[in-house]
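The basis for the numbers below is simple: all heavy atoms, side chains too, and nothing from hydrogens, waters or symmetry mates. Reminder, nothing fancy here: chain letters follow the sequence lines and each chain counts from 1.
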Amino acid sequence: MVTAPPPRTPADAPERVRVVLAEVARSKTAGHTRTELEEQSQIGEALVRGLVRTQLALSLRLAAVVAVGLGGLPLLFAVAPAVARTRPFGIALPWLLLGVVAYPFLCAVGWAYAYLAERTERDFTALVERPEK
Amino acid sequence: MNPYALPAIVAVTLVTVGIGAYGLRLARTTSDFLVASRMVSPHWNAAAIGGEYLSAASFLGVAGLVLKEGVDMLWYPVGFAAGYLALLLFVAAPLRRSGAFTLPDFCEVRLGSRPLRKLATVFVLFIGWFYLVPQLQGAGLTLQTVTGGPYALGAVLVGVVVTANVALGGMRAITFVQAFQYWLKLTALAVPVFFLVVAWQHDGRPALAPGTTAFSQPTTVELRNDAVLTFTTGTTVDVRGELDGEPTTAAVDLGPGRHTVAAGGTLRFPAGAPVPEVSGVASESGLAWLLPAGANGHGLFATYSLILATFLGTMGLPHVLVRFYTNRDGAAARRTTLVVVALVGAFYLLPTLYGVLGRVYVPQLLMTGQTDAVVLLLPGAALGSGLVGQLLGALVAAGAFAAFLSTSSGLLTSVAGVLSTDVLGRGSVRDFRWAAIVAGLVPLGLALRVSGLDVSQVVGLAFAVAASSFCPLLILGIWWRGLTAAGAAAGIVVGGGASVGAVLFTVILGPGDRGWAGALLAQPAAWTVPLAFAVMVVVSLATRRRVPASVGTTMLRLHAPDALGL
């Protein structure tokens, strides 16, 4: 995955920009990659396939974290009943994990996903909007 | 009877109607009416989604199941919350960008097939109605429990209020109503929990998982059906009714062993008496309640099936997807879903405590089998019949009503949306109003005829059907170019059909201990979800020449970052 410095988001305060005519003229040719996307050329399609693959891989990785972290519990309790009988903080471990810990865990995974997915999208946007040299 | 409960319920209902009327003045165009003109901010939207999602099953059912069956039932709330994580990971942003308002819309956008759209409509109606019936039943049960009124009254009240509100106010009204109701529901469980825990401390922290459950105070239990009671130790019980075949109205020493009591009999137990086991009312006790199901095969299978159904079923529920259209763009949909995971998770910390404290304060529910009422009865039982107990009891009843009103509003909006665009008319405001009335009457009729279903388990079965039909459609449709309309239809028919069959079998014959066959039918998701995925993939590969030509454009639209504006 390419890591680029995060570009300015619309939420940032608008900054006074000096407009130079020559730059405006150059930016007309800058939409080249965008045209590749819109016209579904081979390059455009390869770009979209790459984006979909990256995002799907991210989703599957985080789903695997949940599948192991939560989905492994019934098996763990069945295979090693002694684990289920431990009582950290005076609460039986299964109750503590399923009644309390599971929820912050889900939030943390969700937060990590939103952060990483947005980063992928920023990278992709930067790639598409990069001015042609 | 609690004198404050009925005014509280009426107040919640009036506020719901009032906010609906306020929204009505704002609803001008069809677009306003159906999707709130997409001006809803992520936090409002997330609270509205949470308010819509936390149904009778969450508010009443989870605590009841925990009371009755213990730690294994915690997978219900964990799964209900994790379902939104699955939605966030695989569906939220692309679905919003697809512009689809309902599941049938998604079929048309992605695969361009009218027959598939019709098929999806049938499943939306089935899941929506199947999910509405237990909401109305929960309303009937609540009104019956807190006011002693007839069961039908609560069901009709909620059914009519919701139908009128949806038909007149549409979605904008509903967004405000739902957001308000999330916070009401959270408050209605959180405030009493504080008092309940203080009361429990004050009572000397009675053990939450004693070897045998005992009555903490003198308790009168009325048996509605003939019952065989099994006592482990001798107990003196004040009996009024037919005991072991003889009419009795006296305090009787009941020795250890089995005793029969005829329907209508009342038993008054002294404080400290152990709770007898009642035939036909299944519940776990002692270590079986405290610890997870052992390594016996079908118990573990049922747990994993439940996990699969709830984790993957949420995305396929009709009233959940409609909400995503009210986000501004894909990124907003993602942020909204993340907030929903947090809001829903915060709520689910509470019902568990009600279920656990219910073992101490209302064990008689284990005898009558009405465990769904634990949330409603616990404040009065633990805090006594003083003002505090009554006010908190009224608060909980109001929260329960908020749960029925909001979930049924959301379901009805989406069912009516699908009906008005795909079955009855062409999606005008007028069509939508008629569709809302039709969509509301069907489940009301069903809820009045069947009152014996268990709220949470019925909802769990609706999740299983959604997970086996729409979940594969959404995941494969969003991430796999090779999906064809024929493949999608085959997967929905086989996977969805198999789970519907299992659901109807379970509902008609009732849950029973039938070993492996029972587990496969009562919790079908573990085999129907993989089946649906497999059929969808295999048939799509076999018909790969019919992959829509527009798939490249669709994929670009679903996945291109919003900032590009493509």
Side-chain angles (χ1 to χ4, degrees), chain A residues 7 9-10 34 37-38 40 44-45 47-49 51-56 58-63 66-67 70-71 73-79 81 84-85 91-95 97-100 102-107 109-111 113-115 117-118 120-126 128-129, chain B residues 66 70-75 77-79 81-82 84-86 88-90 93-94 209 287 290-296 299-300 303-304 307-308 311 330-331 334-335 337-338 340-342 344-349 352-353 356 478-481 552-553 555-556 558-564 566:
Chain A
T9 59
R34 171 186 288 269
L37 283 177
E38 280 168 349
Q40 295 284 307
E45 183 148 331
L47 279 173
V48 176
R49 277 181 196 269
L51 173 69
V52 173
R53 203 168 296 136
T54 312
Q55 295 285 44
L56 182 60
L58 171 64
S59 295
L60 288 175
R61 274 203 301 274
L62 288 172
V66 177
L70 275 180
L73 290 179
L75 203 59
L76 175 71
F77 294 147
V79 172
R85 288 164 189 268
I91 304 171
L93 185 68
W95 288 87
L97 290 180
L98 295 179
V100 182
Y103 301 106
F105 171 70
L106 292 173
C107 286
V109 173
W111 183 85
Y113 169 74
Y115 174 78
E118 281 183 13
T120 310
E121 290 190 348
R122 278 200 301 271
D123 292 348
F124 187 80
T125 311
V128 171
E129 305 224 306
Chain B
V66 170
V71 69
D72 285 322
M73 295 299 114
L74 292 181
W75 284 108
V78 169
Y84 271 100
L85 185 67
L88 172 64
L89 294 184
F90 294 104
L287 282 179
L290 182 69
L291 295 176
N296 75 329
L300 204 57
T303 304
Y304 273 110
I307 290 175
L308 215 56
F311 278 40
R334 210 182 268 139
R335 279 193 294 276
T337 317
L338 181 56
V340 174
V341 174
V344 167
F347 177 87
Y348 282 130
L349 294 172
T352 309
L353 289 171
V356 170
I478 288 172
W479 297 102
W480 186 45
R481 286 165 183 259
T553 324
M555 280 303 187
L556 177 64
L558 294 182
H559 296 282
D562 309 291
L564 286 175
L566 286 168

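Remark: A:A63 pairs with B:L89, B:F90 by the side-chain contact (heavy atoms from CB on, under 4.5 Å) rule, at least two apart or across chains. With sequence neighbours left out, B:V344 forms a side-chain contact (heavy atoms from CB on, under 4.5 Å) with B:Y53, B:L54, B:A81, B:V340, B:Y348.
In terms of heavy-atom pairs under 4.5 angstrom with chain B, the leader among A:L60, A:T125, A:L51, A:L56 is A:L56. Comparing B:V66, B:L558, B:V78, B:T352 by heavy-atom pairs within less than 4.5 Å of chain A, the highest count is held by B:V78. No other option in A:P104, A:A92, A:A117 has as many heavy-atom pairs under 4.5 Å with chain B as A:A117.
For the residue pair A:F124 and B:P561, the shortest heavy atom distance occurs at CD2-CD, 3.4 Å. The heavy-atom pair separating B:A342 from A:C107 by the smallest distance is CA-SG, 3.5 Å. Nearest heavy atom pair, residue A:W95 against residue B:V356, reads CZ3-CG2, 3.5 Å. Closest non-hydrogen pair, A:G99 versus B:L349, comes out as O-CD2, 3.4 Å.
With a 4.5 Å cut-off on non-hydrogen atoms, A:L75 touches chain B through its backbone and its side chain both. Residue contact with chain B, scored on non-hydrogen atoms closer than 4.5 Å, involves the side chain of A:A102 exclusively. Proximity to chain A is absent for every atom of B:P94, based on heavy atoms less than 4.5 angstrom apart. In this structure, chain A has a heavy atom under 4.5 Å from the side chain of B:L85, while its backbone stays farther away. Heavy-atom distances place no part of A:L47 under 4.5 Å from chain B, backbone and side chain included. A:L98 touches chain B through backbone and side chain together, each having a heavy atom under 4.5 Å away.
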Item checked: Step-by-step side-chain contact (heavy atoms from CB on, under 4.5 Å) determination, A:Y113 to B:L338 -> CA-CA 9 Å; A:Y113 169 74; B:L338 181 56; over 6 Å; no

Item checked: A:W111/B:V341 under side-chain contact (heavy atoms from CB on, under 4.5 Å): CA gap, chis, key distance, verdict -> CA-CA 10 Å; A:W111 183 85; B:V341 174; over 6 Å; no

Margin query: Using the rule given for side-chain contact (heavy atoms from CB on, under 4.5 Å), can you reason through B:R481 versus A:V48, listing the C-alpha separation, both sets of side-chain angles and the distance that settles it, and then say yes or no?
Written below: CA-CA 12 Å; B:R481 286 165 183 259; A:V48 176; 3.9 Å; yes

Margin query: Between A:L106 and B:Y84, is the side-chain contact (heavy atoms from CB on, under 4.5 Å) condition met? List the steps.
Written below: CA-CA 9 Å; A:L106 292 173; B:Y84 271 100; over 6 Å; no

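A:L70 CG to B:I307 CD1: the interatomic distance, rounded to the nearest 0.5 Å, is 7.5 Å.
In this structure, the side chains of A:V52 and B:W480 stay at 4.5 Å or more apart for every pair of heavy atoms. Side-chain atoms of A:R49 and B:H559, non-hydrogen and from C-beta on, never get closer than 4.5 Å to each other.
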